[in-house]
Participant: 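This is the structure I want to talk about, given as structure tokens.
Protein chains get the first letters and strands the later ones, always in sequence-line order, with residue 1 at the start of each.
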There are 2 protein chains.
Amino acid sequence: MIEIRPITGIGEIEKGEDLGGILARALAPIAPKSSDFLVVTQKVVSKAEGQMVALEDVVPGQRATEIAGAIGKDPRLVELVLAESVEVLRAERGVLITRHRLGLVMANSGIDCSNVGAGSGERALLLPLDPDASAERIADAVEALCGVRPGVVISDSFGRPWRNGVVNVAVGCAGVPSIHDKRGETDRDGRTLQATLIAYGDLIASAAGLAMGEADEGVPAVLIRGLTLSGAPQPASALVRAVEEDLFR
Amino acid sequence: MIEIRPITGIGEIEKGEDLGGILARALAPIAPKSSDFLVVTQKVVSKAEGQMVALEDVVPGQRATEIAGAIGKDPRLVELVLAESVEVLRAERGVLITRHRLGLVMANSGIDCSNVGAGSGERALLLPLDPDASAERIADAVEALCGVRPGVVISDSFGRPWRNGVVNVAVGCAGVPSIHDKRGETDRDGRTLQATLIAYGDLIASAAGLAMGEADEGVPAVLIRGLTLSGAPQPASALVRAVEEDLFR
């Protein structure tokens, strides 16, 4: 049996706080295991890492102003979105979809203007600079305090083409087989399996999302216990399809 | 705490078998609750409903033969893929992506040639005719035997643009808020939430996928317990984005 446990008592996270230490102390009472997976929302990681930007400090350039005018968005937000991205895939009907500098294709380069702190109506929260490294640092902190090193997943919620609604995916991983290649293994009837790259990192993020979603994002961390996965650890960057393999450019 | 329990002892499912009754009997010892969610793989549902096709009975038409030649696939399989689809989105590099008659955008119209039964190398398994109706029938069967009606999700694994690997999504739902619209609710700081349609059906399918994936698809059903979701029941068809809202056509 697999268990999904919300981690409570973390509270608001501010810039510069030792998020890894806070998470480690919150985990200590439930005796984390090396086989556990700790899932942490991107938001608290970004907040701790100081990725909050005051919109009043942003001066939109010409391109941001043009796009913002065309699709009806705040030009300062569009400036941030462009600065975080390497490519604009769609800008229409109020929707701005970009390829983030990390390769992630997402709305608004993953920049969030909700739940970014009381009185922060004019602030925007960017993704962590390097979420795979952030996950490793959190694993380090848990190991230092608890003596075991669980897998760590940093999750965000993404929209998808063709399907309504958002799901949680992994944007950072440490000690997790974020993607596992079963190609070449055989099925129960002895046939070689086709198309069986499994995105475990995203499955873990989505499972944790079930325990995070009902509290208006007030549950920033979740522990998954009892899950045995084969496959070598891979960073979340391994989940990003190479541009040249993208059939939908 | 949310629990994900594999349901064992179901065995191979053949055409015409009473899958709902089999699942109900497998669940009875663990006393299902109306708040539980039962996740069942598309494969066993399709097998029970007789959606297996012998490729030797398929006569490929001209279009299937042309596409098969161009991308290097069995023309009989391509004929089935076309017959199940309303639109071909991509046919290149060995990949055939279609919009299934149910609206689902997926590789090969969801047709599977692995794990479709011993000695069945030349057989293909189509999706259920109406997976939302299949989910309702399974819920009916559990209710008839166990006296409670859990939510039921029929899951399949889908590839995605821009991300490597497959994840599980919901292709059929009964008694599940497959998608929940949080727009208009406020966040913790009182701001109105944006972009918060949550695809609970897909999150449930992905969580269950963690318990299904390691057994070479030998775990056809999973029970999720302890999950409280708000929102009215919606069929899995509500997860399919309307073609006119698709930014990536």
Side-chain angles (χ1 to χ4, degrees), chain A residues 1-5 90 92-93 95 97 105 107 113-115 117-121 157 159-169 179 185 187-189 191 193-200 202-204 206-207 209-211 213-214 216-218 227-230 238-241 246-248, chain B residues 1-5 90 92-93 95 97 105 107 113-115 117-121 157 159-169 179 185 187-189 191 193-200 202-204 206-207 209-211 213-214 216-218 227-230 238-241 246-248:
Chain A
M1 186 168 73
I2 300 166
E3 299 171 357
I4 307 174
R5 306 182 180 204
R90 288 291 185 280
E92 52 182 294
R93 293 184 252 176
V95 175
I97 297 171
V105 175
C113 295
S114 68
N115 268 329
S120 61
S157 55
R160 300 92 42 94
W162 311 317
R163 293 183 73 73
N164 291 317
V166 298
V167 294
N168 302 80
V169 302
I179 188 151
E185 297 178 20
D187 73 8
R188 286 177 296 154
D189 304 318
R191 271 183 301 276
L193 288 170
Q194 313 158 324
T196 41
L197 274 171
I198 300 181
Y200 284 132
D202 291 341
L203 296 182
I204 291 170
S206 285
L210 287 173
E214 283 298 288
D216 280 345
E217 309 183 60
L227 172 61
T228 306
L229 297 178
S230 57
L239 288 161
V240 176
R241 183 170 293 171
D246 178 5
L247 285 171
F248 291 90
Chain B
M1 186 169 72
I2 300 167
E3 300 170 357
I4 307 175
R5 305 182 181 204
R90 288 291 184 282
E92 52 183 294
R93 292 184 252 176
V95 175
I97 297 171
V105 175
C113 295
S114 68
N115 268 328
S120 61
S157 55
R160 301 90 43 94
W162 311 316
R163 294 183 73 72
N164 290 317
V166 298
V167 294
N168 302 80
V169 302
I179 188 150
E185 297 178 20
D187 73 8
R188 285 176 296 155
D189 304 319
R191 270 184 302 276
L193 289 170
Q194 313 158 324
T196 40
L197 273 171
I198 300 182
Y200 283 132
D202 291 340
L203 296 182
I204 291 170
S206 284
L210 288 173
E214 282 299 288
D216 281 345
E217 308 182 60
L227 172 60
T228 306
L229 297 178
S230 56
L239 287 162
V240 176
R241 183 169 293 170
D246 178 6
L247 284 171
F248 290 90

Participant: Applying side-chain contact (heavy atoms from CB on, under 4.5 Å), can you list everything that pairs with B/A107, at least two apart in sequence or on another chain?
Facilitator: none
Participant: Let me see the working for B/I2 and A/R5 under side chain to side chain contact (heavy atoms under 4.5 Å, CB included), right down to the final yes or no.
Facilitator: CA-CA 7 Å; B/I2 300 167; A/R5 306 182 180 204; over 6 Å; no
Participant: Using a 4.5 Å cut-off on heavy atoms from C-beta on, say whether the side chain of A/E3 contacts that of B/I4.
Facilitator: no
Participant: Report the distance from atom CG of B/L210 to atom OG1 of A/T228, rounding to the nearest 0.5 Å.
Facilitator: 11.0 Å
Participant: I need the A/W162 CH2 to B/I97 CD1 distance, nearest 0.5 Å.
Facilitator: 6.0 Å
Participant: Under a 4.5 Å heavy-atom cut-off, does chain B meet the side chain of A/I179, its backbone, both or neither?
Facilitator: side chain
Participant: Got B/N164 and A/V240 here, is their nearest side-chain heavy-atom distance under 4.5 Å?
Facilitator: no
Participant: Could you tell me whether the side chain of A/R163 reaches within less than 4.5 Å of the side chain of B/R241, counting heavy atoms only?
Facilitator: no
Participant: At their closest point, which heavy atom of B/S206 faces which heavy atom of A/S206, and how far apart are they?
Facilitator: CB-CB, 3.6 Å
Participant: Which bit of B/L203 is near chain A, if near means a heavy-atom gap under 4.5 Å: side chain, backbone, both or neither?
Facilitator: both
